[in-house]
*Asks:* 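Structure provided below as structure tokens; questions to follow.
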Amino acid sequence: MDTKIVKKQQPKYINPYFGGILLGLLLLAAFFIAGRGLSASGAVKLLVVTVVDKVAPAHAEGNAYYSKFIPADGSSPLYNWLIFGAIGTFFGGMLSGAIFGRLKKLRVEHSPKISARTRLIAAGAGGILFGIGSQFGRGCSSGAALSGTASLSFGGLIVMALMFGIGYVFAWFFRKLWI
Amino acid sequence: MGPLIPQEIITGQWDFVIALLIGGAFGFILEASGFSSSRNIAGVFYGYNFVVLRVFFTAMIVAMVGLLYFSYFGWIDLDLVFVLPTYLNSMLFGGFLMGLGFVIGGFCPGTSYTAVAIGKIDGIVFATGFLIGVFLFAEGFPFYEDFYTANDLGNITIGEMFGISNEWIAFLFVVVAIVAFYVTWLIEKRVRKNMTEYKFE
């Protein structure tokens with residue numbers, strides 16, 4: 001009886017190796033079709049560039065980083081492959097959530113040992129670090145670590161190794177957040 | 001034959017439709033694998049759930065070996081496939097910050113989008129923090145512009161870096177992955193036995 005209840009509580013996820021094969025084939029298809037892999041952080045970068053360019057165009061033009069991503073022909077930086085990819089990622093996630101019954105009302109997921117507030121502070125801090133890091137790293141887990149390493153880029157391997165390695169180094173300090 | 005878009009076998013107007021479809025499949029697979037939950041993801045650092053390692057490594061070796069076979073069969077011109085350039089100093093530092101952000105925040109950008117999509121407030125906060133981080137980086141860019149481009153190794157591959165062929169590199173990755181799958185399976189079994197609180201969400 002007990003096992004039945006536990007099973008009911010467990011969400012329906014696909015087998016991770018099956019998921020990995022699907023993701024690998026998708027990545028291969030992206031290389032074959034577009035000549036580049038998957039990306040997630042690029043869309044946020046272009047969004048930031050667009051907003052800053054709208055609010056303070058002179059400031060954006062004068063900054064060597066923003067100006068790299070403002071199209072010379074005056075078109076919007078948002079009219080870009082990366083933006084459409086991220087929109088797709090959002091709706092693809094929503095579709096999966098709807099099919100497997102995880103698309104629900106707004107909630108905070110956190111370890112029972114910490115409050116929702118602590119979890120949100122950690123999520124925000126982690127996001128900021130990831131945001132800064134992804135720009136130094138030329139991409140995040142998707143663009144640099146996964147797609148970069150799969151296309152045998154040495155830089156991709158560095159980002160992947162550091163990302164997981166440093167995670168393990170600091171895991172002990174942040175264990176209260178998770179276990 | 002491939003890649004199709006860089007060789008204009010598929011023309012411009014289809015670009016964004018394809019980007020939407022590839023992105024959609026990406027989000028679907030991430031969510032369906034359990035990556036919309038930060039507690040599933042962070043499990044990789046504490047041994048109670050190695051789903052990240054399984055999905056990530058499987059995907060990486062499938063794509064890596066696939067690319068080499070596609071090239072071998074003459075289906076794709078690897079010279080036209082984007083190899084992420086290596087800026088050693090900047091990428092080491094970036095990887096460091098991302099590792100820290102990963103274990104504190106429990107998401108990476110792509111997974112946080114899927115968390116937002118199914119209604120997780122912690123996903124929304126992470127994604128907002130991510131956006132703020134990118135903004136902070138860009139605002140401070142003049143201060144570290146030189147560091148950002150220092151030690152530029154160009155589009156160097158792993159094989160070129162170590163002086164062996166990329167086929168061998170791919171083979172090594174497959175071997176390491178299989179060993180990692182087995183070892184982490186053993187660890188996970190052991191950790192979960194002593195864990196009563198972790199309830200999958």
*Asks:* Checking M161(B) against chain A: side chain, backbone, both or neither under 4.5 Å from a heavy atom?
*Replies:* side chain
*Asks:* Would you confirm whether S115(A), through its side chain, and T118(A), through its main-chain N or O, come within 3.5 Å as a donor-acceptor pair?
*Replies:* yes
*Asks:* Does any heavy atom of chain A fall under 4.5 Å from the side chain of F181(B), the backbone, both, or neither of them?
*Replies:* both
*Asks:* Heavy-atom cut-off 4.5 Å, strictly under: side chain, backbone, both or neither for F70(B) against chain A?
*Replies:* side chain
*Asks:* Please classify the contact between A161(A) and chain B as side chain, backbone, both or neither, with a heavy-atom cut-off of under 4.5 Å.
*Replies:* neither
*Asks:* Using a cut-off of under 4.5 Å on heavy-atom pairs, state which of V49(A), V44(A), V159(A) scores highest against chain B.
*Replies:* V44(A)
*Asks:* Are any non-hydrogen side-chain atoms of R190(B) and Y48(B) less than 4.5 angstrom apart?
*Replies:* no
*Asks:* Determine whether a donor-acceptor pair (N or O, by modelled atom type, separation under 3.5 Å) exists between the side chain of S76(A) and the backbone of L78(A).
*Replies:* yes
*Asks:* With rounding to the nearest 0.5 angstrom, report the CG to CD1 distance, L152(A) to I158(B).
*Replies:* 5.0 Å
*Asks:* Which atoms of R138(A) are under 4.5 Å from chain B, going by heavy atoms: the side chain, the backbone, both sets, or neither?
*Replies:* both
*Asks:* Considering only heavy atoms and a distance below 4.5 Å, find which of F170(A), F90(A), F91(A), Y168(A) pairs most often with chain B.
*Replies:* Y168(A)
*Asks:* Please state whether the rings of Y148(B) and F137(B) are parallel, tilted or perpendicular, taking 30° and 60° as the class boundaries.
*Replies:* tilted
*Asks:* Which bit of S71(B) is near chain A, if near means a heavy-atom gap under 4.5 Å: side chain, backbone, both or neither?
*Replies:* neither
*Asks:* For residues F28(B) and T89(A), determine if any side-chain heavy atom of one lies less than 4.5 Å from a side-chain heavy atom of the other.
*Replies:* no
*Asks:* If you count heavy-atom pairs under 4.5 Å between each of M1(B), M64(B), Q7(B) and chain A, which one has the most?
*Replies:* M64(B)
*Asks:* Select one option (side chain, backbone, both, neither) describing which atoms of I22(B) are under 4.5 Å from chain A's heavy atoms.
*Replies:* both
*Asks:* Heavy-atom distance under 4.5 Å to chain B: side chain of I99(A), backbone, both or neither?
*Replies:* side chain
*Asks:* Any idea how F93(B) and F96(B) line up, ring-wise: parallel (<30°), tilted (30 to 60°), or perpendicular (>60°)?
*Replies:* parallel
*Asks:* Answer with side chain, backbone, both or neither: which region of L157(A) has an atom nearer than 4.5 Å to a non-hydrogen atom of chain B?
*Replies:* side chain
*Asks:* Which atoms of L47(A) are under 4.5 Å from chain B, going by heavy atoms: the side chain, the backbone, both sets, or neither?
*Replies:* side chain
*Asks:* Does E188(B) pair with K193(B) as a salt bridge, N-O distance under 4.0 Å?
*Replies:* no
*Asks:* Which atoms of K105(A) are under 4.5 Å from chain B, going by heavy atoms: the side chain, the backbone, both sets, or neither?
*Replies:* backbone
*Asks:* Is it the case that atom CZ in F73(B) sees more than 12 heavy atoms from other parts of the structure closer than 6.0 Å?
*Replies:* yes
*Asks:* Which bit of N80(A) comes within less than 4.5 Å of chain B, counting heavy atoms only: side chain, backbone, both or neither?
*Replies:* backbone
*Asks:* Among I83(A), I121(A), V169(A), L95(A), which residue forms the greatest number of heavy-atom pairs with chain B at distances under 4.5 Å?
*Replies:* L95(A)
*Asks:* So, the side chain of S153(A) versus the backbone of L84(B): is there a donor-acceptor pair under 3.5 Å, distance only?
*Replies:* yes
*Asks:* What orientation do F141(B) and Y65(A) show, parallel under 30°, tilted 30 to 60°, or perpendicular over 60°?
*Replies:* tilted
*Asks:* At a 4.5 Å cut-off on heavy atoms, which part of A116(A) comes close to chain B: side chain, backbone, both, or neither?
*Replies:* neither
*Asks:* Please identify, among T157(B), T114(B), I9(B), L68(B), the residue contributing the most non-hydrogen atom pairs under 4.5 Å to chain A.
*Replies:* T157(B)
*Asks:* Heavy-atom pairs under 4.5 Å with chain A - which of F126(B), F82(B), W75(B), F50(B) has more of them than the others?
*Replies:* F126(B)
*Asks:* Check whether L78(B) gets within reach of chain A through its side chain, its backbone, both or neither, counting any heavy atom under 4.5 Å.
*Replies:* neither
*Asks:* At a 4.5 Å cut-off on heavy atoms, which part of I10(B) comes close to chain A: side chain, backbone, both, or neither?
*Replies:* side chain
*Asks:* Pick one of side chain, backbone, both or neither for K176(A), based on which atoms fall under 4.5 Å of a heavy atom in chain B.
*Replies:* neither
*Asks:* Chain A heavy atoms under 4.5 Å from V65(B): which part of the residue, side chain, backbone, both or neither?
*Replies:* neither
*Asks:* Any donor-acceptor pair under 3.5 Å linking the side chain of D77(B) with the backbone of P3(B)?
*Replies:* no
*Asks:* Decide yes or no for I41(B) and F107(B): does some side-chain heavy atom of the first lie under 4.5 Å from some side-chain heavy atom of the second?
*Replies:* yes
*Asks:* Heavy-atom pairs under 4.5 Å with chain B: which of A40(A), A123(A), G155(A) has the most?
*Replies:* A123(A)
*Asks:* For V52(A), which atoms come within 4.5 Å of any heavy atom of chain B: side chain, backbone, both, or neither?
*Replies:* side chain
*Asks:* With a 4.5 angstrom heavy-atom cut-off, could you sort out which part of L25(A) is near chain B: side chain, backbone, both or neither?
*Replies:* both
*Asks:* Would you mind checking which part of S147(A) comes under 4.5 Å of any heavy atom in chain B, side chain (CB onward), backbone (N, CA, C, O), both or neither?
*Replies:* neither
*Asks:* Taking side chain as everything from C-beta outward and backbone as N, CA, C, O, which of these in I14(A) sits under 4.5 Å from a heavy atom of chain B? Side chain, backbone, both or neither.
*Replies:* both
*Asks:* Please state whether the side chain, the backbone, both or neither of L136(B) comes within less than 4.5 Å of a heavy atom of chain A.
*Replies:* side chain
*Asks:* Can you tell me which of W172(A), W81(A), F18(A) forms the most heavy-atom pairs within a distance under 4.5 Å of chain B?
*Replies:* W81(A)
*Asks:* Could you tell me whether E109(A) and R39(B) have a side-chain N and a carboxylate O separated by less than 4.0 Å?
*Replies:* no
*Asks:* Which one of I132(B), I124(B), I156(B) has the most heavy-atom pairs closer than 4.5 Å to chain A?
*Replies:* I156(B)
*Asks:* Heavy atoms only, distances under 4.5 angstrom: which of A98(A), A30(A), S134(A) has the most pairs with chain B? Name it, please.
*Replies:* S134(A)
*Asks:* So which of C108(B), G2(B), G110(B) has the largest heavy-atom pair count under 4.5 angstrom toward chain A?
*Replies:* C108(B)
*Asks:* Could you check whether the rings of F45(B) and F164(A) sit parallel, tilted or perpendicular, using 30° and 60° as the cut-offs?
*Replies:* tilted
*Asks:* At a 4.5 Å cut-off on heavy atoms, which part of F100(A) comes close to chain B: side chain, backbone, both, or neither?
*Replies:* side chain
*Asks:* With a 4.5 angstrom heavy-atom cut-off, could you sort out which part of L21(B) is near chain A: side chain, backbone, both or neither?
*Replies:* neither
*Asks:* Looking at G95(B), A117(B), G140(B), G94(B), which makes the most heavy-atom pairs under 4.5 Å with chain A?
*Replies:* A117(B)
*Asks:* Taking atom types as modelled and ignoring hydrogens, do the side chains of Y66(A) and E139(B) form a donor-acceptor contact shorter than 3.5 angstrom?
*Replies:* yes
*Asks:* Please determine whether the number of non-hydrogen atoms from other residues, nucleotides or ligands lying under 6.0 Å from atom OH of Y79(A) exceeds 12.
*Replies:* no
